[in-house]
Protein chains: 2
Amino acid sequence: MKKKTTIHDISKALKINSSTVSRALNNSPRVSQKTKDLIQKKAIELGYQKNILASNLRTNKTNTIGIIVPRISRTFFSSVISGIEETAYNAGYNVVIGQSLESFEREKELVSTLLSNRVDGLLISVSMGTTNYDHLSNFKTNGGPIVFFDRPITMLDTPSISIDDYEASYNATKHLIKNGCKNIVHFSGFQKIALYKRRTEGYVAALTDNDIPIRPEYILESQLSEADGIEMAKKVLKLPKVDGIYSSNDTAAISAMQHFKKNNIKIPDDIAIVGFNNDPISAAIEPNLTTINQPDVEMGIIASSLLIELIKKTIKTPSEHSKTLGTELIIRQSSQKL
Amino acid sequence: MKKKTTIHDISKALKINSSTVSRALNNSPRVSQKTKDLIQKKAIELGYQKNILASNLRTNKTNTIGIIVPRISRTFFSSVISGIEETAYNAGYNVVIGQSLESFEREKELVSTLLSNRVDGLLISVSMGTTNYDHLSNFKTNGGPIVFFDRPITMLDTPSISIDDYEASYNATKHLIKNGCKNIVHFSGFQKIALYKRRTEGYVAALTDNDIPIRPEYILESQLSEADGIEMAKKVLKLPKVDGIYSSNDTAAISAMQHFKKNNIKIPDDIAIVGFNNDPISAAIEPNLTTINQPDVEMGIIASSLLIELIKKTIKTPSEHSKTLGTELIIRQSSQKL
DNA sequence: CTGTTAGCGCATTCAG
DNA sequence: CTGAATGCGCTAACAG
């Protein structure tokens, strides 16, 4: 680890003031091309590398944006991250990623370290455990702009990029009804979480619009755990004449399907299923499963672009830039009970 | 974004010199407990938060370690990352993650930005595309220590944490032989990559040791792509009397399995398969599949601990701390053709 | 277009 | 145990 060359070394070697060197290296228009060339050449010659730490301290910016997701191992999130990274890198930003693991405590810690590290902005899909947003409003006042994605939160001057849960649910349920299902179970998450509530509302609306009565015992709540999935699967088997399942809860749905499979209950020949899911696992278990495709990479690109504009203050009215992205129903053969 | 309180604010308020404040806040033993308490109290009162940027500049350290993996969406890597994060956070280090996407160019860029951002050390699983290690030796001389994981590289004074590919392959193949397989196909990756070569050697050795002839046409090379997997599946179907498959290539193997499934070729009733894989997808496709379990979280913990020791210079002989972790054969029922 | 001056906030000498 | 002084490397005012 030899001593690094600084702008002062270049300055001395060339007998040009260090501020001019700094300007030249930052390609300021206020330096003549001639001296720029001179300086650039010398910089390369001496193996100069800007000390970003010093630069950051001076400008109080880091050119870094923070990302917080529940877990990077979920396909949906790693895809979103890919979209974010691509956009950020192209705009000259670095990216740091943290996982909250659905824990509120952990999320608070992450936000706090990102704040300490002076990231210029934050992209976050809040954890399920998050009960208030003080840490986030604190980030906003002391740090920089925030853009929510995937799990929208209502917060002053803070945009959300998400999908239309209601519509997606409605369409999925309608799809099952069209294919002859009349006794459709709904796998859902906790209703106190807005996202799952809206999905349930979409399901209910689709049934109502098609004159199918709502039976509360057909709406199965659960957490996002595998054990819950097995519980749900068992409940389904006890319900009379179930002929369709609409799941808005990936994790539990997958484990439910595995449970069915182990017990030789064929899906979707016996039961038509629509899953809310981009996960390759469900596709692997049941290649013919119809799924709702969420825009993942695209969501990352949009959220990231928006955040960068907010950082650069190209935009003045953040909340007006919230966006609802469309979903797509990927219809595969055997969920059509024809 | 109001102005932040600095140690000078505390210094003034208490009429104590700022260096003492700095020392107290860093819990230096050279400050009396009494003044420490005083300062700490005031710091909280004023809502003081250390400016890490300034601290970093001064100390020329960032308390951050860089991670580079081919892609975070691979279950194996996201698990390793979990292990790394846990260990790093407990030791007071932050973590930044980059994906090379198996591209050499991208890997070089990432290493370069991590270097510019003065991460204290680097954990890397090199991309498939990487053809030389200049960027890494540059990081070592100008940045800090490196620890390789998963894909071991031979480099001066640089430890690797990886598994014993040869042994794992040998055991997997032996397992198939024990269960009566005699015509075992090997799904592999490019042989010019050391890792795949060693895996193939393990396969060959197991056959040889059991007096089964090696047939080159039973060793199928491929890249890590899905299309390749389908190609391999087709080739298998053309080979005479295949009764076992040992795969050391996750991605291709999964798509091969899906191809089998689509064509109603039952696995593993017709063909016994052993896969090299922690991926939940293959488990989902075929719950009874026997797999080689790689230590993932554990690998992260070990690599991360080692790197931190190297950063702190608690260790003087890095290369002697390379470690080969054991694998475990998870034997599930129906791959035993009994 | 270039030079001068100053300071971002902290940690580390060196004194005492 | 505490204070005074210095500078990490860069950039931003302000001159000229």
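Values in this document were obtained by computation on a predicted structure and should not be read as measured data. Side chains included, hydrogens not; waters and symmetry mates left out as well; all remaining heavy atoms used. Just so it is clear: chains get the letters A, B, ... in the order the sequence lines come, proteins before strands, and each one is counted from 1.
Contact check, Lys50(B) against dA11(C): a side-chain N or O comes under 4.0 Å of OP1 or OP2. Checking the phosphate oxygens (OP1, OP2) of dG3(C), a side-chain nitrogen or oxygen of Thr20(A) falls inside 4.0 Å. Between Ser22(A) and the phosphate of dC10(D), there is no side-chain N or O to OP1/OP2 separation shorter than 4.0 Å. Side-chain N/O atoms of Lys4(B) include none lying less than 4.0 angstrom from OP1 or OP2 on dC8(C).
Within the 4.0 angstrom heavy-atom criterion, only backbone atoms of the sugar-phosphate kind lie near Thr35(A); the bases stay farther away.
Note: CG (Leu57(B)) to C1' (dT12(C)) measures 13 Å, nearest angstrom. In this structure, CD1 of Ile39(A) is placed 13 Å from P of dC10(D), rounded to the nearest angstrom. In this structure, Leu14(B) places its CG atom 15 Å from C1' of dG3(D), rounding to the nearest Å. Here dC8(C) presents its P atom at 11 Å from CG of Asn60(A), a figure rounded to the nearest Å. Between the NZ atom of Lys61(A) and the C1' atom of dC8(C) there is a distance of 15 Å, given to the nearest Å. Across the protein-nucleic acid pair, Asn17(A) atom CG and dC14(D) atom P stand 18 Å apart, rounded to whole Å. Nucleotide dT2(C) holds its P atom 16 Å from the CD1 atom of Ile7(A), rounded to whole Å. Distance, Leu53(B) CG to dC10(C) C1': 11 Å, rounded to whole Å.
Judged by distance alone, with hydrogens and angles left aside, the side-chain atoms of Thr324(B) form no donor-acceptor pair with the main-chain N or O of Ile163(B) at under 3.5 Å. With hydrogens and angles disregarded, no donor-acceptor distance shorter than 3.5 Å links the side chain of Asn26(B) to the backbone of Ser28(B). No side-chain donor-acceptor contact under 3.5 Å links Glu107(A) to the backbone of Ser100(A).
The side chain of Arg30(A) has dC14(D) as its nearest neighbour among dT13(C), dC10(C), dC14(D). Side chain of Ser19(A), nearest nucleotide from dT2(D), dC8(C), dG3(C): dG3(C). Residue Asn51(A) has its side chain nearest to dG9(D) when only dC10(C), dG9(D), dC14(D) are considered. For Arg58(A), the side-chain atoms get nearest to dT11(D) when compared with the rest of dC1(D), dT11(D), dA11(C). Closest contact between the side chain of Thr6(A) and the listed nucleotides dA11(C), dT4(C), dG9(D) involves dG9(D).
Side-chain to base pairing of Arg23(A) with dT11(D): no donor and acceptor N or O lie closer than 3.5 Å to each other. No donor-acceptor contact under 3.5 Å links the side chain of Ser32(B) to the base of dT2(D).
Going from atom CG of Asn117(A) over to atom CD1 of Ile52(B) covers 4.5 Å, rounded to the nearest 0.5 Å.
Look at Glu102(B) and Arg151(B) and you find a salt bridge, because one of the NZ, NE, NH1 or NH2 atoms lies within 4.0 Å of a carboxylate O, short of that distance. In summary, Glu45(A) and Lys42(A) engage in a salt bridge, as defined by a charged side-chain N under 4.0 Å from a carboxylate O.
Each of Ile16(B) and Asn26(A) was assigned the nucleotide of DNA chain D with the nearest heavy atom; the assignment lying further toward the 5' end belongs to Ile16(B).
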